[in-house]
**Q** 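This structure is in structure tokens; I'll ask about it shortly.
It should be emphasised that the depicted structure is a prediction, and the values quoted were computed from it without experimental measurement. Numbers here simply count residues along the sequence, with the first being 1. First listed ligand is number 1; within each ligand, the first listed atom is number 1. For the numbers below, each heavy atom of this structure counts, side chains included, while hydrogens, waters and symmetry mates do not.
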Amino acid sequence: MGGTKPWPEVPVGNKDHTNATVVIIGAGISGMCTAIDLIKRNNCHNFIILEKSSGIGGTWHDNKYPGCCCDVWSMLYSYSFEQNADWTREYPGQEEILEYLISTAQKYNLYKYIRFNTSVEEAVWDDQEHKWKTKVKLSPGSKDSEYIPEYTISSDFLVSAVGQLNSPKYPDIPGLEDFKGKKMHSARWDWSYDLTGKRIAVIGNGATAAQIIPEIAKVAKHVTVHQRTPNWVIPRFDAPIPAYKRALYKYLPPVRWRVRAGQMDFRESFYDAVIDGQSPFAGDIRSMCTNQMHAALPDQPELWEKLTPKYNPGCKRIIISDDYYPALALPNVTLETRPIGRVTESGIELLGGDGHPVAGEQPTYDLLVCATGFKTVDFMHPIALTGTGGRKLKDIWADGAQALNGVVVEDLPNFAMLYGPNTNLGHNSIILMIESQSRYINALIAPVLEARMQGDKLSMTPKKRRVEEYNGKIQKILNNSSFADPNCNSWYKNDAGLITNNWSGTVIEYQENLSKVDWDDFELHGSGKEVLQGKKQTKVGRVHEETMVSDRTLAVMSVLSVTLVAAGWLARNSRYISSLRIR
Ligand code: NA7
């Protein structure tokens, strides 16, 4: 690619194939956002996005199981700067989200920066050169891998955008490898396999399983849901968005902003429900769940008992579904709560109350679906990072992952991550968090570019003390939250019970934290330190998504929009209109 523009406006070309200003790992929502901001905020095109998969979209590329959709409203599940008026449903399906992401990548010309089928195995910081050396491997069988199976890229800055829901986790059940039938993880769905008339076991009953089960039950001979722990399930009230509403959202942006802001306000208020198990909102969740369950499965107190959690709402992710309980009522669906002892060649061996296999015939299956989630607490898995002085990330995080603002890590110079430790949400759209991380990261990259422009080198690491203070503060809040309820295990915490995944506050609080870079939080190294000499802060700002103006102001803005659209139309068609008059 290359080109004639000056650095860093020039994209990486053939001659500098292994050199880039910024390397971004991952072409999902986070990686795309960072790339767009690099272009918009830093006028930097000299970057590479490394993507392990064959397409963009991250989790929305990998997860294509039947029924896959988002549990955040579609209107809120898009970039603030690239809102989509065309969503066809209140809750977006995976294919529609992927389409949205593809069209966004096309609009911002991101494809030219992405190297697909390219995975990162390790990256090492070079203290002498002030550069990251990122080792990449091409997927075997790809054309490029025939002549360059692996190589190392040198960069000034490294950004991880691999997210928390990246590496599938298979259940640690003995015998899983012995199963002779078909086996799939929900995040690696094989659509060439025909489900019709099959006996299917679904291991797990989390958000993913609750979406898969109603869909596969439509065609399977029988579906058995192997549940270990029940979940709180509340209604979605999903519905198609009619064409007239979509037209309104498109031609009257203030209406769209109002809807989005209203959703943001509501989701923010949901924070109390997921963080405080005794809050009135948490009580509402309990009753919504019970009412829905009793309506779908009437007169089945034994089943109600099995399906009712004994922990606070929010401790595990609350499931939002209209069709999960109705699916359990189908004659070809069974809820199995006896523990799994092992997987056999033909099915699953269940254990009785005495811990021994139950007597009689054990269930046999054609297909085992492992809807068992992701390696969420192994952030960056399986990428091995080595920072300054040869310090390894696995040692830095020996007691659990932590980062300042969930973004920067001690002893990893010029490194930042999106959707990192303690940035997951149980109550709102993760895109809102990602956008503020991307802005913050771009503010960190700016002085590195400036120093290099002056022929100098600049690297920055967050001060250990600041990382610890920050984490101490959020852990204090998290320890008293529903996430910490000892009556549940979740993907939010590690084996020691430390909550490494979730943010402790509202989205707005997080956005405000990241609305400035406090340079006192960082140690600076290299000859380019002067670019930040005497500078205390860089203002980043934040996107104000919540309701900011009254309905009246919005009504005025809507009238103005209509007037502008009409004026534009008239201006475009004035010649045609006068020709009609003449005739
Ligand atoms: P989750 O929420 O991690 O759910 C995994 C499910 O798999 C859950 O029901 C687990 O039971 C179950 N599981 C895991 N290991 C086993 C074993 N060994 N035996 C039986 N059952 C097991 O993953 P999802 O994919 O549903 O959702 C992940 C996120 O993606 C979701 O929150 C959304 O944000 C999108 P457990 O509850 O641990 O007893």
Side-chain angles (χ1 to χ4, degrees), residues 28-29 58-60 62-72 77 91-94 97 163-177 179 183-189 201-214 224-234 236 267 274 306-311 313-321 324 335-343 348-351 368-378 419 423-431 433-434 483 485 487-495 497 501-503:
I29 291 179
T59 203
W60 298 109
D62 298 345
N63 286 272
K64 32 176 85 103
Y65 55 78
C68 184
C69 59
C70 185
D71 55 10
V72 174
Y77 203 78
Y91 286 87
Q94 173 262 335
I97 298 172
Q164 296 188 7
L165 307 171
N166 175 36
S167 300
K169 189 172 89 187
Y170 286 85
D172 49 356
I173 301 173
L176 193 65
E177 294 313 312
F179 184 64
K183 200 168 52 201
M184 291 187 217
H185 190 279
S186 50
R188 299 287 182 269
W189 198 265
V202 178
I203 303 177
N205 58 307
T208 298
Q211 294 179 353
I212 294 179
I213 291 157
T224 305
V225 183
H226 288 271
Q227 170 189 294
R228 195 164 60 176
T229 320
N231 287 301
W232 293 106
V233 183
I234 58 170
R236 271 161 90 82
R267 281 295 196 145
V274 300
K306 288 178 180 172
L307 288 169
T308 304
K310 297 192 172 40
Y311 55 84
C315 181
K316 290 166 98 72
R317 193 167 177 97
I318 293 165
I319 292 176
I320 306 181
S321 171
Y324 180 58
L335 180 73
E336 180 59 73
T337 56
R338 285 172 292 181
I340 299 173
R342 67 184 180 109
V343 173
I348 281 177
E349 190 175 86
L350 297 167
L351 301 181
L368 275 191
V369 174
C370 299
T372 43
F374 301 87
K375 292 179 179 156
T376 53
V377 290
D378 298 340
Y419 198 6
T423 61
N424 181 58
L425 299 175
H427 74 285
N428 209 338
S429 166
I430 195 67
I431 299 182
M433 305 285 276
I434 287 169
F483 306 136
D485 186 338
N487 297 315
C488 98
N489 288 316
S490 77
W491 62 264
Y492 303 155
K493 40 192 171 189
N494 66 13
D495 290 343
N501 291 65
N502 281 11
W503 165 234

**Q** Less than 3.5 Å apart, any donor N or O on the side chain of Y419 or N501 sitting next to an acceptor on the other?
**A**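 No pair is found: no donor N or O on one side chain lies under 3.5 Å from an acceptor on the other.
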**Q** Nearest 0.5 Å, what's the NE2-OG1 distance between H185 and T208?
**A**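 The NE2 atom of H185 sits 8.0 Å away from the OG1 atom of T208.
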**Q** Is the shortest heavy-atom distance from the side chain of D71 to the side chain of I318 under 4.5 Å?
**A**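 When only atoms from C-beta onward are counted, I318 and D71 do not touch, as no gap falls below 4.5 Å.
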**Q** Name the residues with a heavy atom less than 4.0 Å from ligand 1?
**A**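 Within the 4.0 Å shell of ligand 1, which is judged on heavy atoms, sit L165, P171, D172, I173, I203, G204, N205, G206, A207, T208, R228, T229, K316, R317, A371, T372, G373, F374, W491.
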**Q** List in chain and number order the residues that pass side chain to side chain contact (heavy atoms under 4.5 Å, CB included) with N489, two or more places apart in sequence or in another chain; answer none if no residue qualifies.
**A**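 None.
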**Q** Do C69 and R236 have side chains that approach each other closer than 4.5 Å (heavy atoms only, starting at C-beta)?
**A**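 In contact.
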**Q** Here's a test for you: under side-chain contact (heavy atoms from CB on, under 4.5 Å), which of E349, R228, H226 qualifies with I340?
**A**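 Option passing the side-chain contact (heavy atoms from CB on, under 4.5 Å) with I340: H226.
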